[in-house]
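Reckoned from all heavy atoms, side chains included, excluding hydrogens, waters and symmetry mates. We name chains A, B, ... by the order of the sequence lines, and we start the count at 1 in each one.
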Amino acid sequence: MIRDQDDALAQAKVWLEDGRSVVLATVVQTWGSAPRQPGSQMCMDDQGRFVGSVSGGCVEGAVIDEARQVMESGEPRLLTYGVTDEMAWEVGLACGGEVRIFVELVT
Amino acid sequence: MKRDTLDRVLADREAQRPFVLATRLDTGDQWLIRPDENGVDGVSAQLREAALQALAADRSATVTIDEVDRFLQVFNPPVQIILVGAVHIAQPLCHMALAAGYRVTLVDPREAFATEERFPGVHLMRAWPAEAFRNLRLDRRTAVVTLSHDPKFDDPALELALRSPVFYIGALGSRRTHAKRCARLEEAGFAQSDLNRIHGPVGLDIGARTPGEIAVSVMAELVGCLRAAHA
């Protein structure tokens with residue numbers, strides 16, 4: 001059965017027990033209309049898998065790229081994504097909001 | 001996040017203890033703040049106060065204390081839905097409530113109805129409502145929905161729900177059934193203001209016909225009441 005916000009943390013534990021590297025991304029602040037509330041989480045492993053979400057699919061790809069670097073350096077990162085021009089190929093939120101995401105390695 | 005912190009977060013969440021995970025956004029250092037535990041190293045009185053406020057509002061947020069941003073992630077026990085009557089409509093309702101992240105308890109003394117096969121993942125209580133409700137928390141994060149439309153199951157559950165601060169009370173049944181139900185409850189001593197707390201016929205009026213559609217209308221009404229109360 002699906003469990004809402006729980007699964008990123010539970011999944012992190014499962015992956016750690018399998019001996020994989022795990023990075024957690026957490027929405028820590030939002031402005032305007034943002035798709036996911038503060039506290040929403042996504043966890044990623046070293047094989048490019050992810051569970052959970054931090055937006056409506058708009059910035060997950062970029063966060064996964066950042067997660068690879070956090071996995072290597074071990075240093076947490078604080079990312080901010082804002083409004084994008086819908087016609088441009090940049091990463092951001094088409095909904096007009098802004099979101100701050102904390103990315104950390106589980107050690 | 002340290003692995004030890006992850007283990008503590010998962011254990012406390014499993015035990016349904018309320019707490020806040022505070023994270024310094026510059027260094028990543030973390031603390032667990034619990035309402036029943038004072039004097040944690042590294043947690044100032046101001047930080048503790050902010051964490052307890054976030055917990056009460058059920059809202060995770062970033063706060064700035066002494067020019068340092070800290071994220072306060074709220075872990076409250078899940079919203080609980082108590083269903084009375086393991087009838088057909090209870091099946092899609094259980095699925096949707098679990099998908100929304102709620103804890104579901106289903107009360108029905110009839111062994112043939114309340115089975116694990118029909119209700120996977122649901123906390124089943126094969127008991128009469130009056131007895132089952134004694135062992136359940138009926139608080140502001142709880143909803144009670146009666147589905148049996150049989151007075152001998154539904155009425156005792158509604159009476160106990162009306163004497164509690166639960167955020168939502170719903171009762172399945174037609175307008176006629178509901179009018180009779182209200183007459184019985186009035187006879188039992190409940191005032192009109194009490195009866196107004198009962199959503200009956202249950203659910204938003206969206207013309208729902210099938211059990212799945214009725215479940216959608218009940219869930220929509222229930223979420224509306226929950227979030228209105230927290231707004």
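The contact between B:Val9 and chain A is made entirely by side chain atoms (from C-beta outward), counting heavy-atom distances below 4.5 Å. Heavy atoms of B:Leu6 lying under 4.5 Å from chain A belong exclusively to its side chain. Of the two parts of B:Thr27, only the backbone, made up of N, CA, C and O, holds a non-hydrogen atom closer than 4.5 Å to a non-hydrogen atom of chain A. Heavy atoms of A:Val27 lying under 4.5 Å from chain B belong exclusively to its backbone. Using a 4.5 Å cut-off between heavy atoms, A:Leu16 touches chain B through backbone and side chain atoms alike. The part of B:Arg24 that comes within reach of chain A is its backbone (N, CA, C, O), which places non-hydrogen atoms under 4.5 angstrom from that chain.
Within the 4.5 Å cutoff, no side-chain heavy atoms of B:Arg3 are placed close to those of A:Thr107. You'll find the side chain of B:Phe75 reaches within 4.5 Å of the side chain of A:Leu9, heavy atoms only. Between A:Leu78 and B:Asp69, every side-chain heavy-atom pair lies at or beyond the 4.5 Å cut-off.
Taking a 6.0 Å sphere around CG of B:Asp36, one finds it holds more than 12 heavy atoms contributed by other residues, nucleotides or ligands. In the displayed structure, A:Gln37 atom CD is contacted under 6.0 Å by at most 12 heavy atoms of other residues, nucleotides or ligands. Dense packing is recorded around CZ of B:Phe19, with more than 12 heavy atoms of other residues, nucleotides or ligands lying under 6.0 Å away.
The stretch residues 65-77 of chain A places A:Pro76 near chain B, each with some heavy atom under 4.5 Å from a heavy atom of that chain.
Nearest heavy atom pair, residue A:Glu104 against residue B:Met1, reads OE1-N, 3.0 Å. The two residues A:Thr26 and B:Gln73 have their closest heavy-atom pair at CG2-OE1, 4.3 Å. Contact record, B:Phe71 with A:Gly39: CZ-N, 3.4 Å, taken as the closest heavy-atom pair.
Within the model, atoms OG of B:Ser60 and CD of A:Gln29 stand 12.0 Å from one another, a figure rounded to the nearest 0.5 Å.
Ranked by heavy-atom pairs under 4.5 Å with chain A, the first of B:Leu72, B:Asp7, B:Leu21, B:Asp26 is B:Asp7.
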